> 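Encoded as structure tokens, here's the structure I'll be asking about.
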Protein chains: 2
Amino acid sequence: MIEAGSRRREIDDVASELFHANGYAATSVRDIARALDIQGASLYAHVASKEDVLFSIVDRAAAAFERGADAATGETQSADPVERLAALVEAHVDVVTSDPQRASVFRPRRFRDVITDGIAVGAFRASDTNLAATFILTALNGIATWYRPDGRLTADRVADHYVDLALRSLSEDHR
Amino acid sequence: MIEAGSRRREIDDVASELFHANGYAATSVRDIARALDIQGASLYAHVASKEDVLFSIVDRAAAAFERGADAATGETQSADPVERLAALVEAHVDVVTSDPQRASVFRPRRFRDVITDGIAVGAFRASDTNLAATFILTALNGIATWYRPDGRLTADRVADHYVDLALRSLSEDHR
DNA sequence: CCTACCGATCGGTAGG
DNA sequence: CCTACCGATCGGTAGG
């Protein structure tokens, strides 16, 4: 067997792009097939259903995010909250820009934990930890709505700026 | 004539809710009609097309936002950028929480202008004005995805916290 | 606002 | 992976 399952990956990749660009409902099975230069019905040789494709994509995105967050927090395990939050933001931007899926794939707990830790050691200030985490996360997830790989900013540049903005939104003072 | 055009408003209201909840493509003309207890085809006595309904909704949301922003900037016309941005954030939270439409209805220019002014007078700092405006705006638009009128936070409280977070994300220093 | 209907397209199956 | 097809549903029209 040569590259077992690689066709299935291609289907997921293509479908992910189309779902993101046009939405799940507005993307037909035939749209996906056309992008792969096969007939619509031929897709069913590889997938059970259209929903099956969506689940597979979401699973993959969630796993990628978890890996990114694990790596980010692992790399800077005992570092201060400032660096940990920066790592989390970078990981999130990376996932969102490289696999621009539904923004609903976010894990608020990690952000909340870092912010809580940062407040405890006096590195951050926030009058509502949950809201602060949500503020930052929705801004990050919003990247998926406007980011274009061929745009004026690279994902790395976006990450740099967003790390800065996020950190300052939690800074001690704004005067 | 009694309440001329009120049926059309009902259609817009119902469609707005359905589009927001399920997306435009996933909402059928018959879904809209069912919510009004009429036949699908009967909708066409009031509207020209499904797209026509969408345009009408977006127009209305945009107008509401413009009014909110105008009122906000008008109230504090000659004030410093800090207060103007605060007013803009408050207006945006108000619109987003009271008319939770598509988040795509945003006017980045106003935010960009205020940030530019703030930088000019030394009230704000941002290494990329456009990105800073986007960061704040996407966080604001994200409110529509989680805000519930019966939730733990009132729209006013959300506005207060978001004003604070936004201002600090543009603050002079984060150390 | 209704009934009755149109052509097009949908997700999916049969059989090869 | 193909051709050929299915029932269901889509947005929209005709005529009242």
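Being a predicted model, the structure only gives us computed values, none of them experimental. Any value given below was found using the heavy atoms of this structure, including those in side chains, with hydrogens, waters and symmetry copies removed. Naming convention: chains lettered A, B, ... in sequence-line order (proteins, then strands); numbering from 1 in each chain.
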> Expressed in angstrom and rounded to an integer, what is the separation of A/His46 atom NE2 from C/dT13 atom C1'?
17 Å
> 5'-most contact on DNA chain D: B/Tyr24 or A/Gln39, nearest heavy atom basis?
A/Gln39
> Using side-chain contact (heavy atoms from CB on, under 4.5 Å) as the criterion, point out the one residue from B/Leu170, B/Leu131, B/Leu165, B/Leu88 that pairs with B/Ile136.
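Running side-chain contact (heavy atoms from CB on, under 4.5 Å) over B/Leu170, B/Leu131, B/Leu165, B/Leu88 with B/Ile136 returns exactly one hit, B/Leu170.
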> Nearest 0.5 Å please: distance from the CD atom of B/Glu10 over to the CG atom of B/Asp13.
7.5 Å
> Closest to the B/Ser49 side chain: C/dC10, D/dG12, D/dC1?
D/dG12
> Nearest whole Å is fine: how far is C/dG11 C1' from A/Phe19 CZ?
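Atom CZ in A/Phe19 sits about 12 Å away from atom C1' in C/dG11.
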> Look at the side chain of B/Lys50 and decide which nucleotide, out of D/dT13, C/dG12, D/dG11, has an atom nearest to it.
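Taking heavy atoms from C-beta onward, the closest nucleotide is D/dG11.
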> Show me the protein contacts with nucleotides 6-8 of chain D, counting only N or O atoms at under 3.5 Å.
none

> Ignoring the backbone of B/Ser28, work out which of D/dG11, C/dC10, D/dC1 is nearest its side chain.
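Looking only at heavy atoms from C-beta outward on B/Ser28, the closest nucleotide is D/dG11.
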> From the list D/dT3, D/dC1, D/dT13, which nucleotide is the closest neighbour of the side chain of B/Ala41?
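Output: D/dT13.
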> For C/dG16, give its Watson-Crick or G-U wobble partner with both distances under 3.5 Å, or none.
D/dC1
> Please evaluate residues B/Asp59 and B/Ser56 with respect to the criterion side chain to side chain donor-acceptor pair (under 3.5 Å), reporting the C-alpha separation (whole Å), side-chain torsions for both, the decisive distance (0.1 Å), and the verdict.
CA-CA 5 Å; B/Asp59 270 2; B/Ser56 163; over 6 Å; no
> To the closest 0.5 Å, what do you measure between CG (A/Leu36) and NE2 (A/His46)?
9.0 Å
> Take B/Asn141 and B/Thr138 through the test side chain to side chain donor-acceptor pair (under 3.5 Å) and record every step on the way to the result.
CA-CA 5 Å; B/Asn141 286 328; B/Thr138 49; over 6 Å; no
> Can you classify the ring geometry of B/Trp146 versus B/Tyr162 as parallel (below 30°), tilted (30 to 60°) or perpendicular (above 60°)?
tilted
> Round to the nearest Å and state the distance from A/Leu43 atom CG to C/dG12 atom P.
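Rounded to whole Å, this separation is 10 Å.
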> Please tell me which of the listed nucleotides, C/dC1, D/dG12, C/dC10, lies nearest to the side chain of B/Tyr44?
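Taking heavy atoms from C-beta onward, the closest nucleotide is D/dG12.
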> Hey, which sits more toward the 5' end of DNA chain C by its nearest nucleotide, A/Arg34 or A/Ser42?
A/Arg34
> With a 6.0 Å cut-off on ring centres, are B/Phe135 and A/Phe135 close enough?
yes
> In this structure, how many angstroms lie between the C1' atom of C/dC1 and the CZ atom of B/Arg7, rounded?
9 Å
> From the set D/dG11, C/dG11, D/dC1, return the single nucleotide nearest to any side-chain atom of A/Ile38.
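For A/Ile38, the side-chain atoms sit closest to D/dC1.
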